[in-house]
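Report on the following structure.
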Amino acid sequence: MKISEIKSILNAELICGEEFIENEVHTACGSDMMSDVLAYVKEQAVLLSGLVNPQVVRTAEMMDMKCIVFVRGKQPDEDMIELAVERDIVLLGTKLEMFTSCGLLYKNGLKGGSGI
Amino acid sequence: MELLSLHYDVSGTDFTCAGEASSKIKRNLKELGFPTSVIRNVAIAVYEGEINLVIHGGGGVIDVEISPECISIVLADQGPGIPDVALAMQEGYSTAPDNVRQLGFGAGMGLPNIKKYTDEMIIESEVGKGTTIKLKVFVK
(Lines give C-alpha, C1' and ligand atoms only; values in the text may rest on other atoms or scores of the structure.)
Protein backbone atom coordinates (compact mmCIF):
# COMPACT_ATOMS: atom_id res chain seq x y z
CA MET A 1 0.00 0.00 0.00
CA LYS A 2 1.25 3.49 -0.79
CA ILE A 3 1.45 6.05 2.00
CA SER A 4 -0.86 8.21 -0.12
CA GLU A 5 -3.49 5.46 0.14
CA ILE A 6 -3.17 5.46 3.93
CA LYS A 7 -3.77 9.22 3.83
CA SER A 8 -6.85 8.69 1.70
CA ILE A 9 -8.30 5.75 3.68
CA LEU A 10 -7.94 7.61 7.00
CA ASN A 11 -9.00 10.94 5.51
CA ALA A 12 -5.74 12.18 6.99
CA GLU A 13 -3.89 15.44 6.74
CA LEU A 14 -0.32 15.38 5.41
CA ILE A 15 1.87 17.12 8.00
CA CYS A 16 5.25 16.58 6.32
CA GLY A 17 7.11 14.28 3.94
CA GLU A 18 5.21 14.90 0.70
CA GLU A 19 8.17 13.66 -1.37
CA PHE A 20 7.84 10.17 0.16
CA ILE A 21 4.07 9.82 -0.04
CA GLU A 22 4.12 7.46 -3.01
CA ASN A 23 6.48 5.06 -1.21
CA GLU A 24 5.15 1.54 -0.58
CA VAL A 25 4.65 0.15 2.95
CA HIS A 26 3.41 -3.32 3.83
CA THR A 27 3.07 -3.49 7.61
CA ALA A 28 1.95 -1.31 10.51
CA CYS A 29 1.55 -1.27 14.26
CA GLY A 30 -0.50 0.84 16.66
CA SER A 31 0.66 1.80 20.15
CA ASP A 32 0.84 4.68 22.59
CA MET A 33 3.61 2.89 24.48
CA MET A 34 6.99 3.43 22.86
CA SER A 35 8.55 0.85 25.19
CA ASP A 36 6.34 -1.79 23.59
CA VAL A 37 7.09 -0.60 20.07
CA LEU A 38 10.80 -0.96 20.78
CA ALA A 39 10.32 -4.36 22.39
CA TYR A 40 7.82 -6.12 20.14
CA VAL A 41 7.75 -4.47 16.75
CA LYS A 42 9.84 -6.03 14.01
CA GLU A 43 9.66 -4.82 10.45
CA GLN A 44 6.63 -2.58 10.56
CA ALA A 45 6.95 0.53 8.44
CA VAL A 46 4.02 2.54 9.83
CA LEU A 47 3.39 3.55 13.42
CA LEU A 48 -0.08 4.69 14.49
CA SER A 49 -0.05 6.51 17.80
CA GLY A 50 -2.05 8.91 19.92
CA LEU A 51 1.07 9.91 21.83
CA VAL A 52 2.60 13.25 20.93
CA ASN A 53 6.18 13.91 21.98
CA PRO A 54 9.57 13.84 20.22
CA GLN A 55 10.26 10.31 21.43
CA VAL A 56 7.56 9.01 19.07
CA VAL A 57 9.62 10.28 16.12
CA ARG A 58 12.85 9.02 17.72
CA THR A 59 11.32 5.57 18.23
CA ALA A 60 10.21 5.46 14.60
CA GLU A 61 13.71 6.53 13.56
CA MET A 62 15.39 3.78 15.56
CA MET A 63 13.00 1.19 14.09
CA ASP A 64 13.54 2.40 10.49
CA MET A 65 9.85 3.27 10.14
CA LYS A 66 8.71 5.33 7.18
CA CYS A 67 5.50 6.93 8.39
CA ILE A 68 3.76 7.96 11.63
CA VAL A 69 -0.01 8.45 11.77
CA PHE A 70 -1.23 10.52 14.70
CA VAL A 71 -4.75 9.39 15.60
CA ARG A 72 -7.56 11.06 17.57
CA GLY A 73 -6.74 14.46 16.05
CA LYS A 74 -3.42 14.74 17.90
CA GLN A 75 -1.07 17.33 16.43
CA PRO A 76 2.73 17.18 16.62
CA ASP A 77 4.55 20.41 17.49
CA GLU A 78 7.12 22.19 15.31
CA ASP A 79 10.10 20.43 16.91
CA MET A 80 8.61 17.03 16.16
CA ILE A 81 7.85 18.00 12.58
CA GLU A 82 11.41 19.30 12.12
CA LEU A 83 12.80 16.03 13.50
CA ALA A 84 10.62 13.99 11.13
CA VAL A 85 11.68 16.09 8.14
CA GLU A 86 15.36 15.59 9.03
CA ARG A 87 14.81 11.82 9.25
CA ASP A 88 12.70 11.47 6.05
CA ILE A 89 9.67 10.26 8.03
CA VAL A 90 6.18 11.06 6.72
CA LEU A 91 3.77 12.45 9.34
CA LEU A 92 0.01 12.11 8.87
CA GLY A 93 -2.80 13.18 11.18
CA THR A 94 -6.30 11.72 11.33
CA LYS A 95 -9.30 12.53 13.48
CA LEU A 96 -10.21 8.83 13.60
CA GLU A 97 -9.57 6.81 16.76
CA MET A 98 -6.83 4.20 17.02
CA PHE A 99 -9.12 1.15 16.71
CA THR A 100 -10.95 2.51 13.70
CA SER A 101 -7.73 3.63 11.99
CA CYS A 102 -6.04 0.26 12.44
CA GLY A 103 -9.20 -1.57 11.35
CA LEU A 104 -9.57 0.43 8.16
CA LEU A 105 -5.94 -0.05 7.18
CA TYR A 106 -6.05 -3.78 7.96
CA LYS A 107 -9.26 -4.20 5.97
CA ASN A 108 -7.58 -2.52 3.02
CA GLY A 109 -4.59 -4.85 3.02
CA LEU A 110 -2.01 -3.41 5.40
CA LYS A 111 -0.76 -6.17 7.71
CA GLY A 112 0.51 -6.32 11.26
CA GLY A 113 3.82 -7.93 12.16
CA SER A 114 4.58 -11.46 13.15
CA GLY A 115 4.16 -10.70 16.87
CA ILE A 116 6.49 -11.67 19.66
CA MET B 1 38.95 0.55 9.12
CA GLU B 2 40.62 1.81 12.27
CA LEU B 3 38.91 1.67 15.63
CA LEU B 4 36.53 4.62 15.91
CA SER B 5 35.63 6.03 19.33
CA LEU B 6 32.60 8.20 20.01
CA HIS B 7 31.65 9.98 23.23
CA TYR B 8 28.35 11.63 24.15
CA ASP B 9 27.13 13.45 27.24
CA VAL B 10 23.45 12.85 27.99
CA SER B 11 21.45 15.48 29.89
CA GLY B 12 19.44 14.22 32.83
CA THR B 13 16.85 16.96 32.72
CA ASP B 14 15.74 17.32 29.12
CA PHE B 15 13.56 14.42 28.04
CA THR B 16 12.87 16.02 24.67
CA CYS B 17 16.57 15.66 23.74
CA ALA B 18 16.74 12.00 24.78
CA GLY B 19 17.71 9.96 21.75
CA GLU B 20 20.01 12.52 20.14
CA ALA B 21 23.14 10.51 20.92
CA SER B 22 21.51 7.28 19.68
CA SER B 23 20.50 9.05 16.49
CA LYS B 24 24.06 10.25 15.88
CA ILE B 25 25.49 6.78 16.57
CA LYS B 26 22.98 5.26 14.16
CA ARG B 27 23.92 7.72 11.40
CA ASN B 28 27.63 7.06 11.98
CA LEU B 29 27.14 3.31 11.59
CA LYS B 30 25.09 3.87 8.45
CA GLU B 31 27.80 6.04 6.91
CA LEU B 32 30.37 3.36 7.76
CA GLY B 33 28.30 0.83 5.83
CA PHE B 34 27.39 -1.66 8.57
CA PRO B 35 24.56 -4.14 7.81
CA THR B 36 21.04 -2.80 8.49
CA SER B 37 20.33 -5.45 11.13
CA VAL B 38 23.47 -4.55 13.10
CA ILE B 39 22.66 -0.84 12.90
CA ARG B 40 19.10 -1.38 14.12
CA ASN B 41 20.16 -3.63 17.01
CA VAL B 42 22.71 -1.07 18.18
CA ALA B 43 20.28 1.83 17.68
CA ILE B 44 17.49 0.23 19.71
CA ALA B 45 19.81 -0.92 22.53
CA VAL B 46 21.54 2.46 22.83
CA TYR B 47 18.25 4.35 22.60
CA GLU B 48 16.75 2.26 25.44
CA GLY B 49 19.93 2.87 27.42
CA GLU B 50 19.87 6.59 26.69
CA ILE B 51 16.24 6.82 27.83
CA ASN B 52 17.25 5.04 31.05
CA LEU B 53 20.09 7.52 31.60
CA VAL B 54 17.54 10.34 31.43
CA ILE B 55 14.73 8.67 33.40
CA HIS B 56 16.74 6.94 36.12
CA GLY B 57 20.36 8.03 36.00
CA GLY B 58 20.07 11.80 36.13
CA GLY B 59 22.04 11.91 32.90
CA GLY B 60 25.32 10.26 32.07
CA VAL B 61 27.74 9.41 29.31
CA ILE B 62 27.75 7.05 26.34
CA ASP B 63 31.01 5.76 24.87
CA VAL B 64 31.07 3.72 21.69
CA GLU B 65 33.95 1.88 20.08
CA ILE B 66 33.42 0.76 16.53
CA SER B 67 35.53 -1.86 14.80
CA PRO B 68 34.68 -3.93 11.70
CA GLU B 69 33.95 -6.97 13.92
CA CYS B 70 32.22 -5.48 16.95
CA ILE B 71 30.44 -2.41 18.28
CA SER B 72 31.09 -1.90 22.00
CA ILE B 73 28.93 0.50 23.99
CA VAL B 74 29.31 1.70 27.58
CA LEU B 75 26.49 3.66 29.20
CA ALA B 76 27.39 5.12 32.59
CA ASP B 77 25.57 7.26 35.13
CA GLN B 78 26.10 8.41 38.68
CA GLY B 79 22.45 7.96 39.61
CA PRO B 80 20.83 6.01 42.44
CA GLY B 81 21.96 2.58 41.21
CA ILE B 82 19.87 -0.60 40.85
CA PRO B 83 19.26 -2.42 44.17
CA ASP B 84 18.25 -5.73 42.53
CA VAL B 85 19.61 -6.18 38.99
CA ALA B 86 17.90 -9.57 38.49
CA LEU B 87 14.54 -7.99 39.33
CA ALA B 88 15.22 -5.03 37.03
CA MET B 89 15.92 -7.48 34.20
CA GLN B 90 12.44 -9.00 34.47
CA GLU B 91 10.06 -7.97 31.72
CA GLY B 92 7.39 -5.65 33.08
CA TYR B 93 9.23 -4.63 36.25
CA SER B 94 9.52 -0.86 36.32
CA THR B 95 10.27 1.85 38.84
CA ALA B 96 9.56 4.66 36.37
CA PRO B 97 7.27 7.40 37.72
CA ASP B 98 3.86 8.15 36.19
CA ASN B 99 5.08 11.20 34.27
CA VAL B 100 7.53 8.95 32.39
CA ARG B 101 4.76 6.45 31.57
CA GLN B 102 2.68 9.29 30.15
CA LEU B 103 5.53 9.89 27.72
CA GLY B 104 5.30 6.33 26.43
CA PHE B 105 8.07 4.72 28.46
CA GLY B 106 8.43 2.86 31.72
CA ALA B 107 6.78 -0.41 30.71
CA GLY B 108 9.59 -2.38 32.28
CA MET B 109 10.93 -3.44 28.91
CA GLY B 110 14.09 -1.32 28.70
CA LEU B 111 16.75 -3.59 30.19
CA PRO B 112 15.27 -6.87 28.83
CA ASN B 113 15.06 -5.22 25.43
CA ILE B 114 18.70 -4.11 25.57
CA LYS B 115 19.65 -7.72 26.31
CA LYS B 116 17.51 -8.95 23.43
CA TYR B 117 19.21 -6.71 20.88
CA THR B 118 22.82 -7.21 21.99
CA ASP B 119 25.24 -10.16 22.08
CA GLU B 120 26.80 -9.28 25.43
CA MET B 121 25.41 -7.26 28.32
CA ILE B 122 27.08 -6.61 31.64
CA ILE B 123 25.44 -4.47 34.33
CA GLU B 124 27.57 -3.06 37.13
CA SER B 125 25.54 -1.14 39.66
CA GLU B 126 26.04 0.12 43.16
CA VAL B 127 23.28 1.76 45.17
CA GLY B 128 24.05 5.42 45.73
CA LYS B 129 26.94 5.44 43.27
CA GLY B 130 25.55 4.69 39.84
CA THR B 131 25.19 2.18 37.07
CA THR B 132 27.39 1.15 34.16
CA ILE B 133 26.08 -1.03 31.36
CA LYS B 134 28.56 -2.58 28.93
CA LEU B 135 27.22 -3.89 25.64
CA LYS B 136 28.61 -5.63 22.60
CA VAL B 137 27.03 -6.24 19.23
CA PHE B 138 29.07 -8.48 16.95
CA VAL B 139 29.05 -7.96 13.20
CA LYS B 140 28.18 -11.38 11.83
Side-chain angles (χ1 to χ4, degrees), chain A residues 23 25-27 29-72 74-89 91 98 113-116, chain B residues 10-11 14-27 29-30 34-56 89-96 98-118:
Chain A
N23 286 359
V25 289
H26 303 287
T27 51
C29 66
S31 181
D32 288 354
M33 202 66 190
M34 296 304 107
S35 291
D36 284 346
V37 175
L38 289 162
Y40 299 123
V41 170
K42 286 178 182 158
E43 298 291 334
Q44 285 85 330
V46 182
L47 169 64
L48 291 96
S49 186
L51 186 70
V52 181
N53 71 54
Q55 300 314 327
V56 180
V57 183
R58 291 275 185 217
T59 298
E61 177 193 0
M62 298 307 155
M63 306 296 288
D64 296 320
M65 290 171 155
K66 312 293 179 204
C67 173
I68 302 169
V69 181
F70 293 102
V71 298
R72 306 193 290 270
K74 303 285 174 144
Q75 285 287 334
D77 63 18
E78 283 304 316
D79 288 345
M80 290 177 67
I81 296 170
E82 196 180 317
L83 198 57
V85 168
E86 284 172 12
R87 303 295 182 264
D88 299 341
I89 295 171
L91 298 187
M98 175 75 91
S114 51
I116 300 168
Chain B
V10 178
S11 161
D14 192 354
F15 188 78
T16 58
C17 290
E20 275 186 5
S22 308
S23 178
K24 285 176 186 162
I25 292 163
K26 187 176 186 209
R27 272 178 288 162
L29 294 176
K30 208 169 178 181
F34 281 95
T36 311
S37 59
V38 170
I39 296 173
R40 190 182 301 177
N41 289 352
V42 171
I44 294 170
V46 178
Y47 181 53
E48 291 275 22
E50 190 176 354
I51 294 285
N52 276 348
L53 288 180
V54 178
I55 295 174
H56 300 290
M89 285 300 296
Q90 283 182 16
E91 287 189 7
Y93 178 79
S94 175
T95 57
D98 281 348
N99 64 327
V100 168
R101 289 171 206 261
Q102 283 160 12
L103 293 166
F105 290 91
M109 293 307 297
L111 290 177
N113 212 26
I114 292 173
K115 188 172 176 63
K116 180 173 145 190
Y117 284 100
T118 53

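Proteins come first, then strands; the chains are lettered A, B, ... in the order of their sequence lines, and each starts at number 1.
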Taking all non-hydrogen atoms of both residues, which atom of [X] and which atom of [Y] are closest, and how far apart?
X	Y	answer
A:A39	B:M109	CB-CE, 3.6 Å
A:S35	B:G106	OG-N, 3.4 Å
A:M62	B:S22	CE-CB, 3.5 Å

Enter the distance from [X]:[atom1] to [Y]:[atom2] here, rounded to the nearest 0.5 Å.
X	Y	atom1	atom2	answer
B:Y47	A:M34	OH	CE	8.5 Å
A:D32	B:L103	CG	CG	12.0 Å
B:I44	A:D64	CD1	CG	8.0 Å
A:R58	B:I51	CZ	CD1	9.5 Å
A:L51	B:F105	CG	CZ	8.5 Å
A:R87	B:K26	CZ	NZ	9.5 Å

_Side chain / backbone / both / neither for A:M80 at chain B, heavy atoms under 4.5 Å_ = neither
_Need one label for A:S31: side chain, backbone, both or neither, based on atoms under 4.5 Å from any heavy atom in chain B._
neither
*Can you tell which part of B:F15 gets under 4.5 Å to a heavy atom of chain A, answering side chain, backbone, both or neither?*
both
*Taking B:Q102, B:K116, B:R101, B:E20 one by one, which has the highest count of heavy-atom pairs under 4.5 Å against chain A?*
B:E20
*Using a cut-off of under 4.5 Å for heavy-atom pairs, which of A:Q55, A:M33, A:E61, A:M63 has the most such pairs with chain B?*
A:Q55
